[in-house]
Amino acid sequence: MQTQSIPVTKVIVRLSAGEEALVCVKDSSGSSGYHWRVEKSLAVSVTSEVYEPVSAQSDELAGSSVLRVFSIKLKKELKGEWIERIELIDPTQGEIVQVIEVHIGVASHV
């Protein structure tokens with residue numbers, strides 16, 4: 001039996017406490033029951049917004065892709081690197097089908 005690999009998108013950002021970065025993904029999971037899961041963290045807050053293209057608001061294009069924007073905000077100063085995982089979950093199996101790994105490093109201001 002062959003196991004399927006899970007696609008992982010890696011994003012690297014450098015932030016100071018209070019700073020924010022935006023991570024955008026094409027998302028066609030909207031009406032299919034798939035959902036994004038984010039682990040709660042003391043160091044990082046993650047919020048999500050969905051943007052639909054104007055043309056996708058018609059009934060003809062229901063279920064088409066939208067743009068999902070994750071806001072990654074560093075709540076406190078870090079030492080080293082922090083990895084925040086954002087996972088897309090299949091509703092039927094409860095399995096992870098896609099992962100976004102946001103690697104957050106300390107911004108160095110000169």
Side-chain angles (χ1 to χ4, degrees):
M1 183 174 162
Q2 189 176 15
T3 59
Q4 242 181 346
S5 64
I6 299 170
V8 176
T9 302
K10 293 184 180 180
V11 179
I12 300 171
V13 296
R14 301 275 179 235
L15 298 173
S16 293
E19 290 184 329
E20 172 182 45
L22 301 176
V23 176
C24 304
V25 293
K26 186 177 175 183
D27 186 356
S28 54
S29 66
S31 61
S32 61
Y34 285 74
H35 65 278
W36 291 93
R37 177 174 66 194
V38 179
E39 295 290 324
K40 294 207 183 226
S41 162
L42 295 175
V44 177
S45 70
V46 179
T47 57
S48 166
E49 296 282 335
V50 175
Y51 296 92
E52 278 189 52
V54 175
S55 60
Q57 293 175 357
S58 70
D59 291 337
E60 300 170 357
L61 298 173
S64 65
S65 294
V66 297
L67 184 63
R68 180 168 300 271
V69 179
F70 293 98
S71 168
I72 314 295
K73 186 171 186 177
L74 191 58
K75 295 193 277 188
K76 64 180 189 177
E77 209 59 51
L78 293 177
K79 292 185 177 162
E81 183 179 86
W82 182 274
I83 299 175
E84 188 67 34
R85 279 177 63 98
I86 303 169
E87 303 166 334
L88 182 61
I89 308 298
D90 177 335
T92 57
Q93 303 293 324
E95 296 177 352
I96 299 168
V97 294
Q98 182 180 352
V99 174
I100 301 169
E101 280 187 357
V102 183
H103 295 249
I104 303 165
V106 178
S108 57
H109 299 286
V110 181

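Predicted model only: the values in this text are computed from it and were never measured.
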Can you name the closest pair of heavy atoms from [X] and [Y] and give their distance?
| X | Y | result |
| --- | --- | --- |
| Pro91 | Gly33 | CB-O, 3.4 Å |
| Leu78 | Ala43 | CD2-CB, 3.8 Å |
| Cys24 | Val69 | SG-CG2, 3.7 Å |
| Val106 | Gly80 | CG2-O, 3.7 Å |
| Ala107 | Glu19 | CB-OE1, 4.2 Å |

Can you check side-chain contact (heavy atoms from CB on, under 4.5 Å) on Glu95 and Ile6, steps first, answer last?
-> CA-CA 10 Å; Glu95 296 177 352; Ile6 299 170; over 6 Å; no

Applying side-chain contact (heavy atoms from CB on, under 4.5 Å), run through Leu74 and Trp82 and close with a yes or a no.
-> CA-CA 10 Å; Leu74 191 58; Trp82 182 274; over 6 Å; no

From CA spacing to verdict: side-chain contact (heavy atoms from CB on, under 4.5 Å), Asp90, Tyr34 = CA-CA 5 Å; Asp90 177 335; Tyr34 285 74; 3.7 Å; yes

Side chain to side chain contact (heavy atoms under 4.5 Å, CB included) partners for Glu101, two or more places apart |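 Checked Glu101 against side chain to side chain contact (heavy atoms under 4.5 Å, CB included); matches are Val8, Lys10, Ile83, Arg85, Val99, His103.
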
Out of curiosity, Lys73 NZ to Leu22 CG, how far, rounded to the nearest 0.5 Å?
->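 So the gap between those two atoms works out to 11.5 Å.
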
State, yes or no, whether a side-chain contact exists between Arg68 and Ser48 at a heavy-atom distance under 4.5 Å.
->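 SC-SC contact between Arg68 and Ser48 confirmed.
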
Out of curiosity, does [Y] fall in the hydrophobic cluster containing [X] (side-chain heavy atoms, cut-off under 4.5 Å, transitive links)?
| X | Y | result |
| --- | --- | --- |
| Phe70 | Ile96 | no |
| Val25 | Ile89 | no |
| Val97 | Val23 | yes |

Output yes when a side-chain donor or acceptor of Lys75 lies under 3.5 Å from a complementary backbone atom of Ser41, and no otherwise.
->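 Confirmed, Lys75 side chain pairs with Ser41 backbone.
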
May I ask you to decide if Pro7's main-chain N or O and Gln98's side chain share a donor-acceptor pair within less than 3.5 Å?
->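 Between the backbone of Pro7 and the side chain of Gln98 there is no qualifying donor-acceptor contact (under 3.5 Å).
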
Report the C-alpha distance between Ile86 and Ile72 in whole Å, list the side-chain angles of each, state the deciding distance to 0.1 Å, and finish with yes or no for side-chain contact (heavy atoms from CB on, under 4.5 Å).
-> CA-CA 11 Å; Ile86 303 169; Ile72 314 295; 4.1 Å; yes

Is the CG atom of Leu42 crowded by more than 12 outside heavy atoms at less than 6.0 Å?
->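 No - once you tally the heavy atoms of other residues, nucleotides and ligands closer than 6.0 Å, there are 12 at most.
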
In terms of heavy-atom contacts, does CD of Glu49 have more than 12 from other residues, nucleotides or ligands at under 6.0 Å?
->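 No, not enclosed.
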
